[in-house]
Amino acid sequence: MLLQEYLYRTVRKTPDKEVLIYGENHISYGQLAAAAESIAFWINSLELEPGFRGALLTDDPFEYIAGYFGILIAGGVVVGLNSQTSVKSLQYHLDDCGASVLLAHKKFTRYFKPVVRKLNSIQGLAVTGPDPDLAWAGEIGQADLTELLDGKKAGSDSVAMSFRTSCDLAQIIYTSGTTGKPKGVMLRHSNLVANITSIVSYLHLSDKDRIMAVLPFFYVYGNSVMLTHIAVGGSLVVNQSFLYPNVILQQMVEHEVTGFSGVPSTFALLLNRSSLAKFSFPALRYLTQAGAAMSPALAVRLEKYFPGVAIYIMYGQTEASARLAYLEPSELHNRPGSIGKGIPGVCLSLLDQNGNAVPVGQTGEIVAQGENVMAGYWEQPEESAKVLRREGLWTGDLARQDEDGFFYVISRKSDIIKSGSHRIGPKEIEDTLAEHPAVHEAAVLGVADEILDERIRACIVLKDGCVCVEKELITHCRKELPAYKVPQEIQFFSELPKTATGKIKKTELKSL
Amino acid sequence: MNDTLATIRKFIFDNFLFDAAEEDLGNDDSFLDQGIIDSTGVLELVEWLEDTFDIAVDDDELIPENLDSVNQLAAFINKKANPEP
């Protein structure tokens, strides 16, 4: 099965049903399919080889989802890009995946204009209209994205579907690397379909469901929220800025949403900086949290404000198309701190570094087997081989199991920083800091934060005789990095603590 | 009021826009639409408001009508400093 068949299935049954509500906009499945086909029709005119990479750089949900399915219908591979970006970051991602097509919102022109000019791979550029001025782009194919979204592109009703199979790649999602550049996780149609089928089954999703989608679609969690609801013919109420939690709560009531998905910082914001107590949600059926287990105290608080609502704790990673484990709501209080068991279709085991199963109660690395496990990292066979081994996908997460088989994550093997909905590799930030002329050495790590889960701390040793203040380094990072990767705090040291082999002791720096 | 506007603009430039040009931010520009502030930025902004203007911001008041532009912030500060009887 191909992902776009989910969309067509609902279009055939209920074309007028709302798929997307955002701001004042209400988009039906019929409108979405027409827009996607119009985009596909334009892409087909570029005469690209099947399997081309089509990138999305937009925070407009209709542009994103129509672009997503348009690229798939045209036989391409979707690369959803983080809209919090920088010129440097965008160039890396577009260049790395060899994107042939870019669909972008015009508000990001300052990022994509210098990059598109440099990259030879881009053969088509569609930008939000009306009448985007793309004369600077030269000979490459150009389109008004707003016009394409109208779905009235001549001939688009007869768009030729490119022949693809479920074994072909559908999507590349970039994930932070701890030691190098971001890696493109390659997901086949079959990987995503397997995960969607499993999630739909354990969350009991149906066409009556209407999710409040606050997580960005370019990350795997938000991607999964989008696809599962389209798969069942449900609806997405989208507000991904999450600047004003009260606005989100108001929308949840107004649109009678049945589900809400977040990461720990989402729930921390709702509980600590909103008027949650003043709202009630009679239509709400379930909450999901992924990214970490839920503390018993937080569970009690959430249950107070969301009485009778099922709370699902989930665990996964991009390399698994999203989901690997979940905890049944009935177990929330019996298994505090647990991420549950493998989802339907996934087998999880705990192995030592030699691939041997560890005894109950002892710590091992979570290794996963299932149809949802990725095809590998884009053009990084060595990195792929490190995690895709005979035993399955080695997740890098250390955990223990109780006697009833429930998993409890203890720590990560990597230094990835979990900040809000972002997963951030420290290396890129350390390299950026090291480029500053006053910096001798930099170590970047995550430290506990009440709202964000972790905030970014940079530990700096200056070169002899150099003077530099925190603000100067933050400004330097702001110029080079997307906003969410800029450290929230800078600490200066005369030297960093190191092991005998010269490795920086980040655990020690965390506790300072 | 002009002093308040200047103080707000300085905070926004110092913390979110850095070396951007003055004309890059109009006093009615939406922080949300322009992508100037994210959700943690709003929390920083509120903390700064409370410290700088000696006001308490209630959770109910965390709405775009109060916080989403330089002019809206100035009006909100003025309202907090001079509550209606």
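A note on names: the letters A, B, ... follow the listed sequences, proteins ahead of strands, and every chain is numbered from 1.
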Worksheet entry | Contact summary for B:Asn15 and A:Arg478, nearest pair of heavy atoms | O-NH2, 3.5 Å
Worksheet, complete the sentence: CZ of A:Phe242 to CG of B:Leu32, rounded to nearest 0.5 Å, is 13.0 Å
Worksheet entry | Candidate pair B:Asp59 and A:Lys278, rule salt bridge (charged side-chain N to carboxylate O under 4.0 Å, His left out), full reasoning | CA-CA 11 Å; B:Asp59 289 341; A:Lys278 295 182 178 167; over 6 Å; no
Discussion item. If you define the side chain from C-beta out and look only at heavy atoms, does anything of A:Val247 sit under 4.5 Å from B:Pro64?
Written reply: yes
Fill in: Option that, when pairs with chain B are counted at under 4.5 Å, heavy atom only, ranks first among A:Leu452, A:Leu243, A:Val486
A:Leu243
Worksheet item: What is the minimum heavy-atom distance between B:Leu62 and A:Asn246, and which atoms define it?
Response: O-ND2, 3.6 Å
Fill in: B:Leu43, part contacting chain A, at a heavy-atom distance under 4.5 Å
side chain
Discussion item. Taking atom CG as the centre, does B:Asp51 end up with more than 12 heavy-atom neighbours from other residues, nucleotides or ligands that are less than 6.0 angstrom away?
Written reply: yes
Discussion item. Nearest 0.5 angstrom please: A:Tyr244 OH to B:Glu61 CD, how far?
Written reply: 13.5 Å
Discussion item. Does anything in residues 267-277 of chain A reach chain B? List residues with heavy atoms under 4.5 Å apart, or say none.
Written reply: A:Leu269, A:Asn272, A:Arg273, A:Ser274, A:Ser275
Worksheet item: Quick check: are there more than 12 heavy atoms from other residues, nucleotides or ligands sitting under 6.0 Å from NZ of B:Lys79?
Response: no
Fill in: Salt bridge B:Asp33-A:Lys107, side-chain N to carboxylate O under 4.0 Å
no
Discussion item. Would you say that more than 12 heavy atoms from the other residues, nucleotides or ligands in this model lie under 6.0 Å from the CD of A:Glu470, or not?
Written reply: yes
